[in-house]
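What follows is a short report on a single structure.
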Amino acid sequence: MRYDLDDLAGEICLLDWGDGLPSASSETLPFYAVQPMMQSKLKVVSVNDKPFSSMAQLFVPLEENPLVLPLPKTLPDPVGNDIKEIPQALKNIQTDWRMGEGQNRASAMSLSRALLARLREKMSGQSAPDGIDLLVTGCEVSLWLGEQFATDLAHCFKHLNVRTVSANKLLGLSGQQFSMCQTGHDLSDNWDLHDCVVLIISHSGGTFASLAVSKLLQAVTKRIFVVTSEWDTQIGKQLRALGTYSHVFSTNISLRPAEPCSVSVAATQQLLTQILMYLAFRILSDDVKDSAGPVITRTDLAELEHVNRTNIEALQEIVGYHKSMSKTERELRRRGRAWAQHVLETPRAWILCAAYVAVTVTCGIPPITAITTQAGLYEKVPQELLYVARALDAAIYIFLPQIMIFCIRLLQCRPLLHRMTGRTVVIGDVPWVAQCVEAFLSKLVACTYSATALAVFSANPADHLVHRMTHRVVRGSLLACGRPDGRLVALTSAEQSVCLSVNQASSIQSLGVTCESITIGHNPHKLPLTAHHVCLQGSRPQFLCEHLLPPGCFGNLADSVESNDLWAKLREDLSNTSKKRIASSSVETMLASLQKDSDGQVSFKDFERGFKEFMPTHHLDRKDLKAVFDRFDQNYNGALSPSECKAILQLDSVSLMSYAQLARNTSPSSMDHFNIQESTERIFGARLINSDMSAKDQFKMTESQRLSMMLYESRIASLQRAVAFFVMFHQMGKTIAEFWPWVSFGILRYRMDRTHSIMRIATTASPVSGANVREKMVDLETKKSLVRVKGLLSKMIALWRQQQVYSSAEF
């Protein structure tokens, strides 16, 4: 059984194994209840400031409860076990989502309805035009994942007002008796949160700040949802009380005792990807889609769904298999062990120094002096020269640590001129990956001994890594950077920025030696200045830009320049050529010439005749044109209205081919109402390049896949790089942790799945108090009521003035 304390009002619970009632009198207790348990051997006494209906109803059964997942088994390496479970955990989320019968799909339906209702309120003027549509909040890792999710959703719908804010900041602004100053952030009371949709991300479901915010925001909106690890959490329990529809998303990975987050990060990223695709699908299928400003298309969703499904195979290659190592995992772990040797050279040198000093001092035979004596030179050489031998022995003692480290590096074939100090690891990637991996590695070595301590930093190589880290680069600094796949035109500039940052850091030399840098990415090309590159084996189809460029153009810089010249020429030709659209006058002429039935509708036969007559330059066969026609047939009656015909005629050739491609290249099993249509093409856009299109149109088609490439990078490729970092740094931390019990005969040891700050409960600490949440909820509800009354009064006054104007006009 489990008893959950009241996290809002506060509660004291006493477990009493003695006889009688607690010593405090009932007069000093506002409300208390006693529940006997264990055959009356134990009495549970709870004290609260509100009356109890039945204390027995507050106990939660932990066994045979479908809402409570069992705790994971105790394992010697819980971090490694979490990493191994990533592919299966993500596959379970995908399978549950595609089945369409779980709680996640019910919650997704509720979330989409709430967001669509918010858009309708804006369209009708019931809410402010600048009001926030979706607020994403959380703490630490959850917040970083939420920031990427919010960014992607905003890219898909340019008119959707999506904001991200830390739960600590939100609690500091609205949950304190005296509001906290939000220095450096635009969060303020001007944010209109009334009736907005809120998505809280919390793996534990009990993070202090997120939990307080979930209660605080109920004063301004009831559209609150949470992404957590299981259904039965503190936040989930609060939100289930809001109504009959589901408010909880679950990754179903249960509580993870290991503090370094790996499987929880990957599972949350996967679930947010499913939510993103579902929201985009629902908005595109609704009549309010224009108010959201859709940029994403169904073709983009089809391609994203395909790479999302095949992502499991790529992750399996990264983490390896249960009985054997994959090629990628072997290379990642080899790099992790190599970096661990850099860290372990200090304690190894200590051990060798201790052995040298113990032997030479105990035996009284410093090496140089002993050699000189044994050579028979003691009586023949002047006394002054003996001081030279002793001075050499003294020099050996003075520089013994450096000598030992130098010998270790020689034996291990590692760089000799690295600085002989503590190591610094810098992680560079997109913000959410860099921050999550930094937290992962720093927690792995949090409990290690001082001799193997690490300084861990993270930065964005496409932004501030050069400004924040290059002045700290010294001989032996360790730099690990994730590279976007620059073979995709949408990511070319991003990869070039990353490569430039890595090259700048690797160019800072002292004594001919610089930092040791490793890059991880899907592009197999290795940078000349990096020590190593780990290429991730992707399983996705090629995009058009990869298929159209000459083979091997990414192999070296010269070919890359030639390919850039090719794209520059195509871009110039495209800018000098008008788009293949019919002029407005021609559109009106064609619409007027089309035969219409009694309801003013146009049949496909008449539309086909007019289309071929007025648009002969479009390379669409009858099946393609019928696919586009059916796509715009909103009523499914085999006919189009004049406005629907006009929408088709105003599309350029590339957009028309995109609609045809989507309709003819989708998986039949995914055509139901709940699932997104998955592209089955071996090359995304292959249907288009098989047509007789010019080079300019082919280039424009690659540009049309820009958002699809961006979503692939932010939702799929970045996740694969994050998991690759987890594997490499886990091997690094494990090698360091296993060293200490081996050299100390089991005396010195630590657990790398723990840190010194663990609170022994499944939550994250909060620097902001939630003691005033109850009082502030009342204040927020009062303000909301005043705003509503003010709005009603304004409308009544406006109507009254109109009536007065009409009355005066009649007289």
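Every value quoted in this text rests on a predicted model; they were computed, and no experiment measured them. Residue numbers run from 1 in the order of the sequence given.
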Take N168 and C139, measure what side-chain contact (heavy atoms from CB on, under 4.5 Å) needs, and give me the verdict at the end. CA-CA 7 Å; N168 290 320; C139 292; 3.9 Å; yes
Test side-chain contact (heavy atoms from CB on, under 4.5 Å) on L711 and C156 and set out the steps. CA-CA 9 Å; L711 292 176; C156 294; 4.0 Å; yes
Show the numbers, then the answer: is there a side-chain contact (heavy atoms from CB on, under 4.5 Å) between L135 and L217? CA-CA 11 Å; L135 178 68; L217 292 182; 4.3 Å; yes
Does H159 form a side-chain hydrogen bond (donor to acceptor under 3.5 Å, both in side chains) with D133? I'd like the steps, not just the answer. CA-CA 10 Å; H159 295 159; D133 299 319; over 6 Å; no
If you apply the rule salt bridge (charged side-chain N to carboxylate O under 4.0 Å, His left out), what do you find for D286 with R120, and how did you get there? CA-CA 11 Å; D286 200 271; R120 290 190 178 91; 2.8 Å; yes
Derivation and outcome, side-chain contact (heavy atoms from CB on, under 4.5 Å), residues V295 and L707: CA-CA 8 Å; V295 178; L707 180 60; 4.0 Å; yes
Audit row: Q270, Q274, side-chain hydrogen bond (donor to acceptor under 3.5 Å, both in side chains) steps and yes/no: CA-CA 6 Å; Q270 177 64 54; Q274 302 291 154; 2.8 Å; yes
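Side-chain contact between H730 and M752 is present, with at least one heavy-atom pair separated by less than 4.5 Å. Put simply, the side chain of W144 does not reach to within 4.5 Å of the side chain of V265, judged on heavy atoms. Counting heavy atoms from C-beta outward, I201 and L272 have side chains that approach closer than 4.5 Å. Considering only heavy atoms from C-beta on, D195 stays 4.5 Å or farther from Q126 through its side chain. Between H247 and V226 the shortest side-chain heavy-atom distance does not fall below 4.5 Å.
Minimum heavy-atom separation, W97 to A108: CH2-CB, 3.6 Å. Taking every heavy atom of both residues into account, V79 and A258 meet most closely at CG2-CB, 3.9 Å. Between R223 and T221, the shortest heavy-atom contact is N-OG1, 3.1 Å. In plain terms, the two heavy atoms of P294 and K289 that are nearest each other are CD-O, 2.9 Å. Taking all atoms of both residues into account, the shortest heavy-atom contact from S214 to I235 is CB-CG2, 3.9 Å. Taking all atoms of both residues into account, the shortest heavy-atom contact from V162 to A150 is CG1-CB, 3.5 Å.
A distance of 10.5 Å separates CD in Q148 from SG in C436, rounded to the nearest 0.5 Å. Note: S458 OG to F440 CZ = 14.5 Å, rounded to the nearest 0.5 Å. A distance of 13.5 Å separates CZ in R163 from OG1 in T137, rounded to the nearest 0.5 Å. Separating the CG atom in L171 from the OG atom in S166 is a distance of 9.5 Å, to the nearest 0.5 Å. With rounding to the nearest 0.5 angstrom, the CZ atom of R240 is 10.5 Å from the CD atom of Q238. In this structure, I275 CD1 and L153 CG are separated by 10.5 Å, a value rounded to the nearest 0.5 Å.
Heavy atoms from other residues, nucleotides or ligands lying under 6.0 Å from CZ of R113 number 12 at most.
In the model, S202 has a side-chain atom that pairs as donor or acceptor with a side-chain atom of T207 under 3.5 Å.
R751 has no carboxylate O lying under 4.0 Å from a charged side-chain N of E259, or vice versa, which leaves the two without a salt bridge.
Screening residues 175-187 for side-chain hydrogen bond (donor to acceptor under 3.5 Å, both in side chains), with sequence neighbours left out, gives no hits.
Side-chain N or O atoms of R118 include one that pairs as donor or acceptor with a backbone N or O of I132 at under 3.5 Å. Within the 3.5 Å criterion, the main-chain N or O of H203 finds a donor-acceptor partner in the side chain of T228. Proximity of a side-chain donor or acceptor of T251 to a complementary backbone N or O of T268 within less than 3.5 Å is not detected. Listed for the N92 side chain is a donor-acceptor partner under 3.5 Å among the backbone atoms of Q88. When atom types are taken as modelled, the side chain of S210 and the backbone of G138 share no donor-acceptor pair closer than 3.5 angstrom. Put simply, the side chain of D753 never gets that close to the backbone of P260: no donor and acceptor are under 3.5 Å apart.
Ring planes of F725 and F729: parallel class, angle under 30° (limits at 30 and 60°).
E147 meets the side-chain hydrogen bond (donor to acceptor under 3.5 Å, both in side chains) test with no other residue; sequence neighbours excluded. Taking the side-chain hydrogen bond (donor to acceptor under 3.5 Å, both in side chains) definition, one finds that T273 meets it with R715, sequence neighbours left out.
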